Each structure stands twice: as C-alpha cells, then as structure tokens.
Amino acid sequence: MTPAFYRLSRPLQKWIRAQGWTGLRPLQAEAIGAIMDGTADLVVTASTAGGKTEAAFLPLISQVLDDPQAGAGFDLLYLGPLKALITDQARRLDGMCHETGLPVVPWHGDIAGGIKTRALKNPRGILLITPESLEALFIRRGNEIPGLFGALRAVVIDELHSVLDSERGVQMRSLLNRTESRLGRPLRRIGLSATLGDIGLACAYLRPDDPDAVGHIAATGGGSELRVQLRGYVAGGPDPDEPAAADLVAGHLFQKLRGSSNLVFAGSRERVEIYADKLRQLCDAAGLPQEFHAHHASLSREHRDFVERRLKDGRLPATAICTSTLELGIDIGDVTCVAQIGAPFSVASLRQRLGRSGRRAGQPATLRQYVIEAWPRPDANLADRLRLDLVRAVAMIDLLIEGWCEPPAPQALHLSTLVHQILSVIAERGGATAAGLHRLLCREGPFRSVDAALFQQVLRAIGHRDTGLIEQADNGILLLGRRGEKLVEHYSFYAVFQTPEEYSLQNGAEKLGTLPVHNILAPGSLLIFSGRRWQVREIHAEARVIVVDPAKAGVVPDFDSSPGLIHDRVIQRMFHILGDRTVPVYLEPLAAALLEQARSSYSALGGERIHELSPRAFLLMTRRGTVASTTLALALQSVGFRVQLYDGVLEVLATDATPDLRAFLTGIARGASVDLFAHDPPLCFEKFHPFLTRPLLEQDASSSRVDLAALAGLCKELTD
DNA sequence: GACCTGCTGCGGTTTG
C-alpha cells in the first residue's frame, strides 16, 4: 500500500482491505494528499468509473473521524443532479462508512418522509441531496439552516460539468453561497467531473472570488483506444425499389449490435421510437428474443428501470435506443459499442456518451456514427449540397480526438433564475431589503453581471401591481406578494426549469409514459410508443390520461423540441474540413464520396461569403456558431428579410420591402445601429420570464442567446 | 434543428 493509504482513518483502511484492492489509484493518493494537507477548493477530473467519488470521500471522511469539527449538523454535503445517482452514491458511501458509525443520508423526492424526519432530528454524517431538495430546505426550514449545516466541513459537487452554465448550476451556486452566508464562513468546495472543456473556467465557476486558488487533480493516462467508423447513407433517391436509408441503418445496426450490449443515441425521442420499432421488427422477424429497447424521458420509470437493469446485469444481450437519458449519471456497466445516428449537438455530449464504452482494461471504446444525407438532386440548394450533417459529424469526431470540448459561457444574466432566488431568499428569511438581496445574490452570489440598476429594474418588474410576486412594507422590507406566496407555497416552485404539460399513457395497469398535450389524438388513433405499437381506446382529457391497446401498426408521435446551440469552434472546424482535401480514415467509402461532393460544392463558391442564388435569394456563409448566426438572422429579420438558419450558413430571402442586402450589411459593418428585437421575436424561454418586462427579456437574451458586440465584425467579414 | 433534470406537508387509511 502507498503512504497515502496509511494516512486514512483506520476504519477506512479496513474497508479498503476488505474490498480486495491491491492499492490506491494515483488519483486517489494525490487527492488524499491535497485534501488532508490543505484547505483549498478542488476540481477532480477522471473518466466515468475512474474512482473520483472515493478520491474525494476517503480523505474527507478521514478528517471527519479523526478531527471532528465543533458545531451542530451534517459533516459533509454531496450535491448531485439526479435522484438515481444519489441513491447509487449513497449505497457506495454506505459501504465505505459501514465501520465508521457515520450515517449516510440520501435525500430527494423519492426518499421516505421518515428518513428525512429522523435526519432532521439528529443531523450528522453525509447528506446527499439534489439542488431542488436543498432549495426546499431553505424555503421550508430557513431557521434550521445553521443547525443543519453548522459543522459542515466540505461540499462535494458531482457531475460538475452538467451544472456549470445551466439554470440549475446557477441555482446550485446561489444555494452554496447562501449556505456560506448563513454560516458566516466559506465552505470547501470539491467538484467532480469526467468532461470539462476548460479547467480555468470550471475553477471560476466553483469559486468565483478566487479561481486561482482552486486545485486540480486529474487521472493520468486511462484514455483507452478509440475505434471510430462513420457510415453515410442517402435518402430520397429516384429508385422506389431501393430500401429507405433508415431501414439500411437499422439493418446495419441489427447485424453489428445483435448479441452484445450497446447504446444507440438516436438524437430525438421521435427517432428513438422509429429505430426501436425497426430493430424490434427485425428481431421478431429473425425469431430471436427481444434485445432492443427504447429509453427516453417520456417513457415510464418502470420501463426505464427495466432497460437499465438489463444493461447493468449483463447476462443477456441488451441494446438501448436512447436520448441523452443514458448519457449521464448512474453506472450501467460497460457496453460494447456506442452508436450515434445523425451528428450530435456538442463535443462534450459525444465524449460523455463515448465514455460509456471501453471501460474494461484492454477494451477499445467504439463509436459507430451514422449520417443520412439527401439524394443529390440538381436543384438542391447549396446548404443541402454542403452535406452539413456529415461535415458536422466529422468536425465533432476530430475535436473529440483532439481532446477539446465546449467551455461554459459565463456572461449570461440568468434573470429567470434571479427572480426565483429573490423569492426564495424572501421566503427563507421572511423578508429582505433590496440592498441585502443585491449583495447576497449579485455581489457575493452567482449573478455577478447584474448591477444595482438592473437589479432595481427586476425588483420593479416583479413588484408591479399586475405581477404581484413581491411587495414592499412601509419600512422598506420586501415581502412576498399574494401571487409570489402562492407560487412559493407549491412544491413545483423548487425547480428552476420549465416542464411542458403532458398526458400519461397507459395500457391496462401498465404505465407506458407521457406525451405532450399538443399531440392531436382521438379514439382509434394509431401510435408507436415505448418501441411498441398501439391504438388509442379512451382519452380522459381532465385527468390527462390516454388508454391504449396493442395494435399491429402505428405512427410516431410528436414530442416538444427546441433548437440547440452549436459552438463557434465546431462550425469553424466544419468550414476547415470543407476547404481541406484529406479524407479521415474512419469514413467508409460512401461517406467519403459524400464528403467529396460537399467539398466540390464548397469549392464552387470560390471562397465567396455572400452567394446570390437568385435576385431575391442569398446564402450568407457566416462560418459561425448558433449565437453569432442567430444575431445576424435577427438583424436581417428586423428589417423584413426572411431567414433560414443552417450550420454556419444563412439562407436569406428578400421582399419588395427589404433594403439592399449588401448595403444593409455594409451599414452595420460601418457602425450603423440595429434593433435586433424590432420585429418582436418571442423571448419567453425560461420559467420566470413571463414575470419580466420586454426590455429585461431583451437584456437577458442579449447576454446569452445573441452577441450584438460581434455583429459589426461579422458583417465586415462578409462584405470585405 | 435537441436532449435532460426536480418536487412538501398533511390528511387519510391500513396494518400489527
């Protein structure tokens, strides 16, 4: 055993020996040193199953046992984004703590009330909790916070990458700051992750006041061999006897994946249902027991648990056709291969997915990427002929191999989440002053870009008579208004993100899952859902329940969807690939031929950034990601152009009322001002947006979804 | 042109 081992508390040494470990991993030894010798915050990065949890908790638990801290309450706090992950980690920590007498308390919506009541009476040991449940503790038990967390030694934040930039991440950092504020001292923060694009930014997220003091420990090596194949298919050809491209993809998947355990990321819930249906038909036709299963967030918990158990226990072959539900979190064991249908939206997510395969020593990680492109009709527009999906898949794989992934964008205002936190602090303390709230949430907390003037505007908006979220007492103290009180009282308040209204689907006693209410269904309608075919029997509109029976045919329903953001660097790489000549070795011949077509279409442009398709139709080659391209699209729409957005390309249609395109762009390049929101585009995207004024919504969008500062530069590039 | 995540307190009933 290494020297680090002997620094651990005796019960933990005993536990490690009982596990049959021959030694600590280098990552764990290093973390033991860093945590026991210093007091600095820490980021620990290692692949899934790389031993991060033990690396953080072995030394932390040792400190709790050997050097107890004065004060009441829990000793360690673990924040996790998923209920299943908390349950999983609690089981692991429970084993580790078995001989120590330290309680391990999992806490989320599915944990029995009795366990929570007991823990509140005698808070000690390790509390594992979701951001939403911690929020609920602040709102319902504001007065008990010092008693619950007075002895807290450190906070461990799991899956740090998943909460960096999101609404939930901001909420979590605000709660950490509020805890520190109530305790009157900083808490050591330890972040765990497998996928961080920029360690410096991650450190700044973990401790905004002092990012340079945050330590970083990374597992060395460990990257297993990567095998990649990209297959291209062509849809919509002239020969009606040719099988459809999706059937060819399903056929290839069936042939390659049958008999082993795999994950197929299909890109959307619709496509999960389509491919699950096709693969199950192939399995049935071959007379084989079913081994293909659909998995996405609209399917029932029971069905998802069944699929996860099949994958984890590994005795029978099982392939999940899934969305990002199986990208993050709980251990589903090792899979033989990861397939991706269509280009993914981010390199970070592709890397997380690939981390699910090749986890046994000596096993390669395997990625099978499938892309379907349109048949090259002579009248196809240029955006189609550039084969953007194929090129994006190549760009993503190249960036993945280079080790890059998307960094967070820290300048967003997050005004919706700010409204949520204002209401929460007022509920926690019974009232607050405007200056106190601004100091706690903005100057010390995560809303650093919100200055006093902007904060005043937010308070005025939510305190307006028509909004009624807050009101001011005569002594200036802010209180919850009638509407605010009603919102905060209901348990749906604790989450900062939106969720759509849904029907629940059932076949007899079996719950199948949920479906957005905008699907137009009637008794008799046919449906593909959960990888099986159904006919609607009854619709109970008020109870929001649909009863179905098995059927022989079906159609895939429509799930809600919204466009994703693609990073500048991905799009830049796509245009580099289009202008390049080398053919990546992982392309099979048809994919290589499709790339060749895309390159000749691109070279026909001769490097022109503005391409005139007709006197009224243009292609603008922005070569930028979603944010910059959307900004230009809004500018064009504000003066009447109609715009279609592709990867790094805008298709622009002029009308009689629109100005000359080149003159308009040149004007912006020379500094002419432009009102991006003149045409009143929709701006309510987040949970508390409906309570804000139009100018505030425009500022919020400007901080995250558009980039006005870069617009003139982009227009200059296009017109030079 | 996409995906995912989360949830209290209390009153009633059943069981030992």
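Because the structure is a prediction, the values reported are computed rather than measured. The chains referred to below are lettered A, B, ... by the order of the sequence lines, with proteins before strands, and numbering in each begins at 1.
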- Message: Looking at B/dC3, I'd like to know if its phosphate oxygens (OP1 or OP2) sit under 4.0 Å from a side-chain N or O belonging to A/R353.
- Response: no
- Indicate yes or no: does A/D305 engage A/R309 in a salt bridge with an N to O separation below 4.0 Å. no
- Task: Nearest-nucleotide wise, let me know which of A/H295 and A/E489 is further upstream toward the 5' end of DNA chain B.
- Result: A/H295
- Query: When we call it a touch if two heavy atoms are under 4.0 Å apart, what does A/G564 touch: a base, just sugar-phosphate, or nothing?
  - Reply: base
- Give one of base, sugar-phosphate or nothing for A/S133, where a contact means two heavy atoms less than 4.0 Å apart. sugar-phosphate
- If only atom types and distance count, is the side chain of A/R168 paired as donor or acceptor with the main-chain N or O of A/P81 below 3.5 Å? yes
- Task: Counting heavy atoms from C-beta on, name the nucleotide in B/dC4, B/dT5, B/dC7 closest to the side chain of A/R304.
- Result: B/dT5
- Message: For a quick check of understanding: with a heavy-atom distance under 4.0 Å over all strands, which category does A/T130 fall into, base, sugar-phosphate or nothing?
- Response: sugar-phosphate
- Item | Shortest side-chain distance from A/T325, nucleotide among B/dG9, B/dG1, B/dC4 | B/dC4
- Task: Provide, to the nearest angstrom, the distance between the CG atom belonging to A/L134 and the P atom belonging to B/dT8.
- Result: 12 Å
- Within less than 4.0 Å of OP1 or OP2 of B/dG9, is there a side-chain N or O belonging to A/R141? yes
- Between B/dC4 and A/T323, is there an OP1 or OP2 to side-chain N/O distance shorter than 4.0 Å? yes
- Is the closest side-chain donor-acceptor distance between A/E428 and A/Q421 under 3.5 Å? no
- The nucleotide from B/dC3, B/dG6, B/dT8 with an atom nearest the side chain of A/L82 is B/dG6
- Answer yes when A/R182 and A/E144 have at least one side-chain N-carboxylate O distance shorter than 4.0 Å, and no when they do not. no
- Message: If I take atom CG in residue A/L565 and atom P in nucleotide B/dC4, what distance separates them, rounded to the nearest angstrom?
- Response: 17 Å
- Task: Check every strand shown and say whether A/R140 touches a base, only sugar-phosphate, or nothing at a heavy-atom separation below 4.0 Å.
- Result: sugar-phosphate
- What is the distance, rounded to the nearest whole Å, between atom NZ of A/K83 and atom P of B/dT5? 9 Å
- A/F345 side chain, from C-beta outward: closest of B/dC4, B/dT5, B/dA2: B/dA2
- Using the ring of each side chain (for Trp, its six-membered ring), is A/F685 parallel, tilted or perpendicular to A/H689, with breaks at 30° and 60°? perpendicular
- A/R569 with A/E406: basic N within carboxylate O range, under 4.0 Å: no
- Distance in angstrom units between A/E373 CD and B/dG1 C1', rounded: 14 Å
- Message: Check this for me, if you would: do A/E159 and A/K52 make a salt bridge, where the nitrogen-to-carboxylate-oxygen distance has to be below 4.0 angstrom?
- Response: no
- Atom-to-atom span, CD of A/Q171 to C1' of B/dC7 - whole angstrom: 11 Å
- Sugar-phosphate only, base, or nothing, as touched by A/F497 at under 4.0 Å among non-hydrogen atoms: base
- How is A/I566 classified with respect to the nucleic acid when contacts are heavy atoms under 4.0 Å: base, sugar-phosphate, or nothing? base
- Options B/dC7, B/dG1, B/dT5, nucleotide nearest the side-chain atoms of A/R392: B/dG1
- A/A495 has its side chain closest, among B/dG9, B/dC3, B/dG6, to B/dG6
- So what does A/Y646 hit on the nucleic acid, given a heavy-atom distance under 4.0 Å: a base, only sugar-phosphate, or nothing? base
- Task: In whole angstrom, give the distance that lies between atom CD of A/E144 and atom C1' of B/dT8.
- Result: 14 Å
- According to a strict under-4.0 Å criterion, is A/K116 in side-chain N/O contact with OP1 or OP2 of B/dT8? yes
- Message: Distance check needed: B/dT5 C1' versus A/E502 CD, whole Å only.
- Response: 13 Å
- Task: Indicate, with a heavy-atom threshold strictly under 4.0 Å, whether A/H490 touches base, sugar-phosphate, or nothing.
- Result: nothing
- Query: What is the distance, rounded to the nearest whole Å, between atom CD of A/E159 and atom P of B/dC3?
  - Reply: 21 Å
